[in-house]
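First up is the structure itself, then whatever we jot down about it.
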Amino acid sequence: MNIYITGYGLISSIGKNIDESLSSLKNYSSGIEESNLKTTKGFKVGAIKATNDELKKEFNIKTDCSRTALLGIIASKQAFYGHNISKNIRTGLISGTSVGGMDTSEFEYKKYLESEKHDINIYQQHSSGISSEQIAFELGISDFINTISTACSSAANAIIMGARMIENGFLDRVIVGGTDSLTKFTTSGFKSLMIFDEEFCKPFDKSRKGLNLGEGAGYIVLESEQSISSTKKEPLALLSGWSNASDSFHQTASSPEGFGAQLSMLEALNKAKLKPENIDYINAHGTATPNNDLSESYAIKKIFKSTPPFSSTKSYTGHTLAASGGIEAVLSTLSIQHGYIYPNLNFKNPIEETELTPNLKFIKKNKINHVLSNSFGFGGNNSTLIISSI
Amino acid sequence: MYYIHAISSITHQNTFRIDNIIKELSPIKENSNLISPDYKEFIPGAALRRLSPVLRIGLTAAIDCKNKIGKKFDAISVGTALGCLRDTEKFLKTFHTSTSDFISPTSFIQSTHNTIAGQISLGLKNHAYNMTHTQNNLSFEMALIDAIMCINEGKINVLVGSADEKTPFLELLQPKIISKKYPLSTGGSFFSISKTKNKIGIIDVKTIFNSKNTELEIKDFLKKHKYETKDIDVILHSDSNIEIPKSCHFINFLKYSGLYYSASSFALHFAHDYLISKNKNSALIVNDICIDKVGLILIKSNEA
């Protein structure tokens, strides 16, 4: 059964829509900057340069919600633009998030800790499930709503869940992806793990020190064959393969040989009935932490005898956590549509053990048939998507 | 049908490693506590000290299920409504109050919702599909839908369950945003399910958002499987305001589990043991802990 991609939308520090994002990618223009926001002051982050009120005004959104839900609404509305709710097409929303409404609740909780008056109603926005319900409400979707929370692979897993819901005959069409906003919670968390780079992150570089955080949301619309015959939507690409596997090595670190990553890439290739040499571009997880990039490089080398062009677009957006797999699925779909291979910024020297050099230039090819996109999360949660031309 | 081959629950009731929990159950009292097994039997001491209740429950129940079936799981699907709340609050407190540049990452690492499923994969050295669903009161139903799809896709033994924990802070949110009708509680129930026949099977699970008429939704759901409400022996509900035939036993499961948003997994354990102990045929779980959002799970006995 074919799973068609018939819509996409994203927002991140490199753009509030597809055109702005592509223009940043073409111009080697990263969204990562030194932050002066109260949550991330002093760090280099990929923040969306607009307050919640500014975003609500610009995108005409009335819902009272967290920034996480707000970014999700903006990106999913772009993805669903031109689609209509219809009784005959069972439509769902499956969204990934790791922080949910933490961006608002963390400050109320501080007041509580300091024995100040805190507004209990704020916590109604907190649960991850609520953020998805708010997004679904804005889209007019009520047939099915689910939230996946597997840390940094959440959006990729939401996409996988959606594709399987269609394959199993439970849904005809589903908006899938993820959203996360910058919070003091995650900033403090990654700082405590000491995996921040104080400079711009350098994915796959020998001297990489760690990641830069980012925020954003990215969604794609998946439809069954039967659904498009009724919606008459022009498919942009196919979601041809997917897999999720466990590294089962450590709660936060990847195994040195990237066992879980190898498993997920192999199983996704099997699902898509493709051989490694069929892959034209890998949109790597590439967080720029010493551990991830080495482990992912080993896994890529093990699966691909000759490594296809690969890059980490996190050098543009920062690591948008639960949203990253959604944003990167949108970029991978654009890659199929236009033949783009994206640059990996800030790279100078390859990692000694693996000697892989990512793609450094913005390339437009005549044809790209298959893009493989990796997303790995805490808990050894490894996911791979393969997006293919029609 | 998706048959239940092992169950493991750790709750405020005496449910762990009990052959049939029905005779153990009594309405939950205010200030009751989680009845914890001797976790040391399942988790090494050093690791155990770091784990919050919800992580201990998940890991122990998963190991217990695995020991019962004696086979590895081909997929792991977990639901949690609020995730690892204790570690989340602990880390909030740490970074809000610490003056040091260096703070311990442990509670941050253990705060993500998928720490439960992740710890299970680590504890069981399991490399299979590993998923975490969080959809308020429907978190367990979501995990169950995923597990059913895994079996449809050819996976043999699937671990599915849910867990949630209460914290003192959650109690502060009562009654304003959390009902005070039932005491808040901590609990988790895990199941090993497969296609291989056994006493009790899950026929179907459904989630409904924006439900206008729960009775009608129930009717439609049952009709799809050639049942009428009067055919159902027991309905386990969450204080649901629905009219039911007199022939049907009507039990409010929240009276026994206490309130946690993924308590419908406890209801499934309850329903499973009810059918066996009373030699009955069919049970329906109606979970509308959150208004307008309904989860339905239909199970039947293969023997009665």
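All values derive from a computational prediction rather than experimental measurement. Each chain gets a letter, A, B and so on, in the order the sequences are listed, and its residues count up from 1.
For the options A:N244, A:T97, A:L193, heavy-atom pairs under 4.5 Å to chain B are most numerous at A:N244. Contact count versus chain A (heavy atoms, under 4.5 Å) is highest, among B:G79, B:P105, B:G118, for B:P105. Across B:Q135, B:E89, B:K293, the residue that shares the most heavy-atom pairs under 4.5 angstrom with chain A is B:Q135. Heavy-atom pairs under 4.5 Å with chain B were tallied for A:H250, A:E267, A:K191, A:E133; the largest tally goes to A:E133. Per-residue counts of heavy-atom pairs under 4.5 Å with chain B were compared for A:L263, A:I130, A:I160; the largest is that of A:I130. Among A:D143, A:V99, A:D247, the residue with the largest count of heavy-atom pairs under 4.5 Å with chain B is A:D247. Ranked by heavy-atom pairs under 4.5 Å with chain A, the first of B:M149, B:M142, B:K125 is B:M149. Ranking B:T88, B:L124, B:I76, B:V78 against chain A, the residue ahead of the rest is B:T88, based on heavy-atom pairs under 4.5 Å. When each of A:M102, A:E106, A:M194 is scored by its heavy-atom pairs under 4.5 Å with chain B, the top score falls to A:E106. Here A:S149 is the residue among A:S149, A:S132, A:G379 with the most heavy-atom pairs under 4.5 Å with chain B. With respect to chain A, the highest number of heavy-atom pairs below 4.5 Å among B:T112, B:I177, B:T80, B:N152 belongs to B:I177. Of the listed residues (B:I103, B:T134, B:N126), the greatest number of heavy-atom pairs within a distance under 4.5 Å of chain A belongs to B:T134.
A:M165 touches chain B through backbone and side chain together, each having a heavy atom under 4.5 Å away. Interface residue B:L82: only side-chain heavy atoms are found under 4.5 Å from chain A. Looking at B:S121, the atoms closer than 4.5 Å to chain A (heavy atoms on both sides) sit in the backbone and in the side chain alike. Only the side chain of A:L113 comes within contact range of chain B, with heavy atoms under 4.5 Å apart. Heavy atoms of B:Y129 lying under 4.5 Å from chain A belong to its backbone as well as its side chain. For B:S111, the part lying under 4.5 angstrom from a heavy atom of chain A is the side chain only. With a 4.5 Å cut-off on non-hydrogen atoms, B:E141 does not touch chain A at all. Contact annotation for A:K184: both backbone and side-chain heavy atoms come within less than 4.5 Å of a heavy atom of chain B.
For the 3.5 Å distance criterion, the side chains of A:N168 and B:E153 qualify, holding a donor opposite an acceptor. Side-chain atoms of A:N146 and B:H133 form a donor-acceptor pair, as typed in the model, at a separation below 3.5 Å.
Atoms CG and OG, from B:N114 and A:S153 in turn, are 6.5 Å apart once rounded to the nearest 0.5 Å. The line from CZ of B:F209 to CD1 of A:I145 is 4.5 Å long, rounded to the nearest 0.5 Å. With rounding to the nearest 0.5 angstrom, the NZ atom of B:K206 is 12.0 Å from the CZ atom of A:F170. Distance CG/B:D101 to OG/A:S192: 12.0 Å, rounded to 0.5 Å. Distance check: A:Y112 OH to B:L172 CG gives 5.0 Å after rounding to the nearest 0.5 Å. Note that the OG atom of A:S248 and the CD1 atom of B:I120 stand 11.5 Å from one another [nearest 0.5 Å].
Contact annotation: the side chain of B:N210 never approaches that of A:F137 to less than 4.5 Å [non-hydrogen atoms, C-beta and beyond]. At least one side-chain heavy atom of B:F91 sits under 4.5 Å from a side-chain heavy atom of A:S188. In this structure, the side chains of A:T150 and B:H113 stay at 4.5 Å or more apart for every pair of heavy atoms. Annotation: side chain of B:T97 is not in contact with side chain of A:K110 (no heavy-atom distance under 4.5 Å). Proximity of A:Q251 to B:Q119: side-chain heavy atoms (C-beta onward) are separated by under 4.5 Å at one or more points.
Inspection of non-hydrogen atoms places A:I120, A:N121, A:Y123, A:Q124 of residues 119-126 of chain A under 4.5 Å from chain B.
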Apply side-chain contact (heavy atoms from CB on, under 4.5 Å) to residues A:F144 and B:I145 and explain how you reach the verdict. CA-CA 12 Å; A:F144 185 80; B:I145 288 171; 3.9 Å; yes
Might you work through the side-chain hydrogen bond (donor to acceptor under 3.5 Å, both in side chains) test for B:N136 and A:S127, ending with a clear yes or no? CA-CA 7 Å; B:N136 300 319; A:S127 86; 2.7 Å; yes
Determine whether A:R164 and B:D146 satisfy the following criterion, side-chain contact (heavy atoms from CB on, under 4.5 Å), listing intermediate values before the conclusion. CA-CA 9 Å; A:R164 294 170 56 232; B:D146 192 351; 2.9 Å; yes
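Ring centers of A:Y109 and B:H96: at least 6.0 Å apart, outside the cut-off.
At most 12 heavy atoms of other shown residues, nucleotides or ligands fall within 6.0 angstrom of atom NZ in B:K93. Under a cut-off of 6.0 angstrom, the local environment of NZ in B:K155 is crowded, with over 12 non-hydrogen atoms contributed by other residues, nucleotides or ligands.
Listed for the A:N381 side chain is a donor-acceptor partner under 3.5 Å among the backbone atoms of B:N130.
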